[in-house]
Amino acid sequence: MAVRAIGFPAAARRSGRRSRAAASGWAVRQWALWSRTLAPLRPLDAPRGRATAWDASWPLRQEATSVRRARRLVTAQLADWAVPDLGDTTELLVSEVVTNALRHTRGPLRLNLRLRDSRLLCEVEDTESAGPVRGIAGPDAEGGRGTELLDLLADAWGSVRTATGKSVWFVLHHPDGSSGSARARTASR
């Protein structure tokens with residue numbers, strides 16, 4: 001029985017064989033694409049889903065006080081997760097990303113945090129599909145340095161289109177390489 005390679009690159013179909021890594025990589029990409037596409041949509045004015053021990057999500061209103069609220073939420077959550085040393089950097093970057101979302105979108109926002117091992121992922125979802133634009137700020141400019149701060153302080157950052165708009169995210173690694181969960185267990189003993 002012949003197996004037809006649908007969706008694989010033409011070179012792989014012509015050669016008659018494909019490596020397991022190529023097939024696996026293709027399958028992983030397709031699964032990620034379809035799972036994101038078919039996932040039920042949650043409105044941005046609600047948390048992303050059920051909160052877990054290492055995931056947190058909060059809706060934010062389209063008002064200037066949302067920046068202060070986002071900073072407070074992040075600081076409190078990091079203290080709860082026992083990683084307060086990430087607080088200052090996370091607080092600054094969340095301020096930048098939320099402020100940018102408030103300036104350039106009209107709809108609701110959602111702030112999401114996820115802590116896994118020594119990696120903190122923070123994302124802000126909004127209703128505008130256009131990603132952040134890098135600009136060159138003059139020495140006297142009062143704004144326009146948000147992407148520069150992300151470049152300097154975050155270990156990685158980017159923007160992803162979603163079904164409801166986009167998500168701007170950044171990643172910070174814990175300085176000592178341990179997770180908050182390990183330190184929280186040690187402190188409770």
Apply side chain to side chain contact (heavy atoms under 4.5 Å, CB included) to Leu120 and Phe170, showing your working.
-> CA-CA 8 Å; Leu120 175 71; Phe170 63 87; 5.6 Å; no
request  = Apply the test side chain to side chain contact (heavy atoms under 4.5 Å, CB included) to residues Trp157 and Asp151: give CA-CA distance (whole Å), side-chain angles for both, the deciding distance (0.1 Å), then the verdict.
outcome  = CA-CA 8 Å; Trp157 74 275; Asp151 281 338; 2.7 Å; yes
| task | Could you go through the side chain to side chain contact (heavy atoms under 4.5 Å, CB included) check for Cys122 and Asn112 one step at a time? | result | CA-CA 6 Å; Cys122 177; Asn112 306 310; over 6 Å; no
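Taking the side chain as every heavy atom from C-beta outward, Val83 and Asp85 approach each other to under 4.5 Å. Residues Pro108 and Arg61 have side chains not in contact (no heavy-atom distance under 4.5 Å, counting atoms from C-beta outward). Side chains of Leu172 and Thr90 form a contact here, defined as non-hydrogen atoms less than 4.5 Å apart.
When all heavy atoms of Glu128 and Lys166 are compared, the pair lying nearest together is O-CG, 3.1 Å. The shortest heavy-atom contact between Arg69 and Pro59 is NH1-O, 2.8 Å. Taking every heavy atom of both residues into account, Val168 and Ser159 meet most closely at CG2-OG, 4.2 Å. Among all heavy-atom pairs drawn from Thr127 and Arg106, the shortest one is OG1-N, 4.4 Å. Here the shortest heavy-atom pairing between Ala70 and Val94 reads CB-CG1, 3.8 Å. Counting all heavy atoms, side chain and backbone alike, Arg114 lies closest to Asp55 at CG-OD1, 2.9 Å.
Note: Leu153 CG to Glu96 CD = 9.5 Å, rounded to the nearest 0.5 Å. Taking CG of Asp126 as the reference point, atom CG of Leu102 lies at 9.0 Å (rounded to 0.5 Å). To the nearest 0.5 Å, atom NE2 of residue His174 and atom CG of residue Leu78 are 9.0 Å apart. Note that CG of Asp80 is 8.0 Å distant from CH2 of Trp54, once rounded to the nearest 0.5 Å.
Of the candidates Leu109, Val67, Thr65, Leu60 forms a side chain to side chain contact (heavy atoms under 4.5 Å, CB included) with just one, namely Leu109. Partner Trp169 forms a side chain to side chain contact (heavy atoms under 4.5 Å, CB included) with one of Val124, Leu150, Leu121, Val97 and no other, that one being Leu121.
Look at Arg71 and Asp88 and you find no salt bridge, because none of the NZ, NE, NH1 or NH2 atoms lies under 4.0 Å from a carboxylate O.
Side chains of Glu125 and Ser167: a donor-acceptor N/O pair is absent below 3.5 angstrom, by distance only.
Applying the side-chain hydrogen bond (donor to acceptor under 3.5 Å, both in side chains) criterion to His173, with sequence neighbours excluded, gives no partner residue. Listed by chain and number, the residues in a side-chain hydrogen bond (donor to acceptor under 3.5 Å, both in side chains) with Ser66 amount to none (sequence neighbours excluded).
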